[in-house]
Amino acid sequence: MTDRLNAFVEGGEFRVDPIGAGKLDELEFVAKDLFDVAGHVTGGGNPDWMAQNEMATRHAWAVEKLLSAGAALVGKTITDEVSLGILGENAFYGTPVNSAAPDRVPGGSSSGTAAAVAGGAADFGIGTDTGGSVRVPSSFCGLYGIRPTHGRLKLDGMMPQAPSSDTTGWFARDADTFAKISSVLLEEKIEFKGLSRLIIATDAMGFADPGTAQALQTVIELVHSLAEETFEEIMAPPGISVWGRAQRTLQMAEAWNTFKPWIDETNPRFAFNVARGLLLGSMISDADLQWASLMRREVRARLSYLLTPGTVMVLPTTPFPAPMKGLPISQQNGIREIILSLCGHGGLAGFPQVNVPGASVDGAPVGLSLMAARGEDASLVALAEKIAEKK
């Protein structure tokens, strides 16, 4: 098969048949190349990582779970290098095609998985989200996507980056398939039981470009029509960019600690942005780490206060649609900082967040995020399914 989407790693188009039967019978999925698949090397988006690692002898937990529920795995997909990226451009393997907006990036670091699902090469796919790597490509490619409650799913066989923020997430083109996957991985029935309280995050809406905020109003109105009460609140009193800085401080320091032994031993090749990020992570001071850790406590307290049981907050998943492909590094840096600022709460607080597609700016998708209290993942999926029914 020709990889028309440039979504798969080299040699990554293969089939692993189901090992059971269940809710996912007849469905096919792809896995980001951070998940172990027995008989294959986990490449991590970097050729030196791939060359220096051995073939996996067993499947990652998420892969095993999906195969056991009747789905077939049809390949492994490109990731930004060692999952350190948010735009989806890999200097070694190229940029997967965003079929919803072919002149734009797909978003990363779960770029290949999102591209494969959006382009119809699979029914669904699994990725990872540390600082936004499922949420962002979901928005950019027009997909349903979830960052589940941190710590809820087993991460056995998933390549780590920053363990205090790492999660497994998943993508689908339609709400029904998304709900089926969610019920399997969350091990919980997906059932809409009403929405008591809706919060519109006014600072997050204002942080997004005006065109994006306007485009999302139609989807917000659908959510509003399902809620008993609707309120407007500031999500991040210290500032969304402050939350983003705290997340990046913790994430990059952890990423450096994760990859430091490998870097010390082998001096691997990296793209400039990836090398720079790891270098910055190596230089983060104890004082900055202490500040970021305190900010994490504040973020968790704030969101726990806002997101009481039965409450959902809505905000833009990304501040704008996908940027154009191939922008100069100097232009990418500012864009990356804005995107990551709006995603910072995910890794800091670990609350579940679902991207709902259905809006666009200049023909390119933008998504609306639903966020709820820890453990209310299934209620968010059910709400996303209900919104789809009302469209």
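Here the structure is a predicted model, which means the values were calculated and not measured.
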Checking side-chain polar atoms at under 3.5 Å, does [X] have a donor or acceptor matched by the opposite partner on [Y]?
X	Y	answer
Asp36	Thr42	yes
Thr128	Lys32	yes
Thr177	Asp123	no
Glu254	Ser164	yes
Thr113	Thr77	yes
Glu232	Thr202	no

Please round to the nearest 0.5 Å and tell me the distance separating atom [atom1] of [X] and atom [atom2] of [Y].
X	Y	atom1	atom2	answer
Thr311	Leu195	OG1	CG	8.0 Å
Thr168	His150	OG1	NE2	10.0 Å
Met158	Trp61	CE	CH2	11.5 Å
Ser110	Ile78	OG	CD1	12.5 Å
Leu348	Leu303	CG	CG	9.0 Å
Ile190	Asp176	CD1	CG	11.5 Å

Please check this pair: side chain of [X] against backbone of [Y], looking for a donor-acceptor N/O pair closer than 3.5 Å.
X	Y	answer
Ser139	Gly367	yes
Asp203	Ala236	yes
Asp25	Gly22	yes
Ser165	Ala162	no
Asp129	Arg147	no
Asp3	Ala7	yes
Glu89	Gly326	yes
Asn90	Gly45	yes
Arg173	Ala122	yes
Asn6	Tyr93	yes

Does [X] have more than 12 heavy atoms from other residues, nucleotides or ligands lying within 6.0 Å of its [atom1]?
X	atom1	value
Arg58	CZ	no
Asp17	CG	yes
Asp362	CG	no
Gln331	CD	yes
Gln217	CD	yes
Glu389	CD	yes
Ile234	CD1	no
Asp264	CG	yes

query = When you look at Leu73 and Leu66, which way does the side chain to side chain contact (heavy atoms under 4.5 Å, CB included) test go after all the steps?
reply = CA-CA 8 Å; Leu73 175 67; Leu66 295 167; over 6 Å; no
Any side-chain heavy atom of [X] sitting closer than 4.5 Å to one from [Y]?
X	Y	answer
Pro96	Leu5	no
Ile263	Lys260	no
Leu380	Ile146	no
Asp48	Thr266	no
Ile338	Phe207	yes
Trp256	Ile284	no
Gln247	Leu340	no
Arg4	Val97	no

inquiry  = Between Glu81 and Arg269 (salt bridge meaning N to carboxylate O under 4.0 Å), is one present in this structure?
reply    =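 The answer is no: the pair does not qualify as a salt bridge.
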task = Considering only NZ, NE, NH1 and NH2 on the basic side and carboxylate oxygens on the acidic side, decide whether Lys154 and Glu64 come within less than 4.0 Å.
result =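 Result for this pair is no, no salt bridge flagged.
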Taking all heavy atoms of [X] and all of [Y], pick out the closest pair and write down the distance.
X	Y	result
Ala384	Leu370	N-CD1, 4.0 Å
Ser341	Ser241	OG-CA, 3.8 Å
Arg135	Cys343	NH1-O, 3.1 Å
Leu342	Pro316	CD2-O, 3.4 Å
Leu216	Ala359	CD2-CB, 3.9 Å
Gly350	Arg374	O-NH1, 3.4 Å

key: Ring geometry between Phe259 and Trp49 (parallel below 30°, tilted from 30 to 60°, perpendicular above 60°)   =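 Perpendicular.
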query = With Ser83, which of Asp33, Asp166, Leu34, Val274 fulfils side-chain contact (heavy atoms from CB on, under 4.5 Å)?
reply =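 The residue from Asp33, Asp166, Leu34, Val274 that satisfies side-chain contact (heavy atoms from CB on, under 4.5 Å) with Ser83 turns out to be Leu34.
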message = Test salt bridge (charged side-chain N to carboxylate O under 4.0 Å, His left out) on Lys390 and Glu221; report intermediate values, then the result.
response = CA-CA 11 Å; Lys390 292 179 68 68; Glu221 284 300 316; over 6 Å; no
ask   = Is the Trp262 to Phe270 ring centre distance short of 6.0 Å?
value = yes
Answer with yes or no whether the hydrophobic clustering places [X] together with [Y]; edges join I, L, V, M, F, W, Y residues whose side-chain heavy atoms lie under 4.5 Å apart.
X	Y	answer
Phe171	Val63	no
Val381	Val312	yes
Phe92	Met50	no

request  = Tell me, with the steps shown, if Arg152 and Glu188 meet side chain to side chain contact (heavy atoms under 4.5 Å, CB included).
outcome  = CA-CA 12 Å; Arg152 176 160 183 173; Glu188 188 173 349; 2.6 Å; yes
ask   = Given Val223 and Leu368, is the side chain to side chain contact (heavy atoms under 4.5 Å, CB included) satisfied, shown in steps?
value = CA-CA 10 Å; Val223 188; Leu368 182 73; 4.2 Å; yes
task = Given side chain to side chain contact (heavy atoms under 4.5 Å, CB included), test Val74 with Phe29 step by step and report yes or no.
result = CA-CA 6 Å; Val74 292; Phe29 74 102; over 6 Å; no
ask   = Between Phe231 and Arg197, is there a cation-pi geometry (under 6.0 Å to ring centre, at most 45° from the normal)?
value =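 So Arg197 does make the cation-pi contact.
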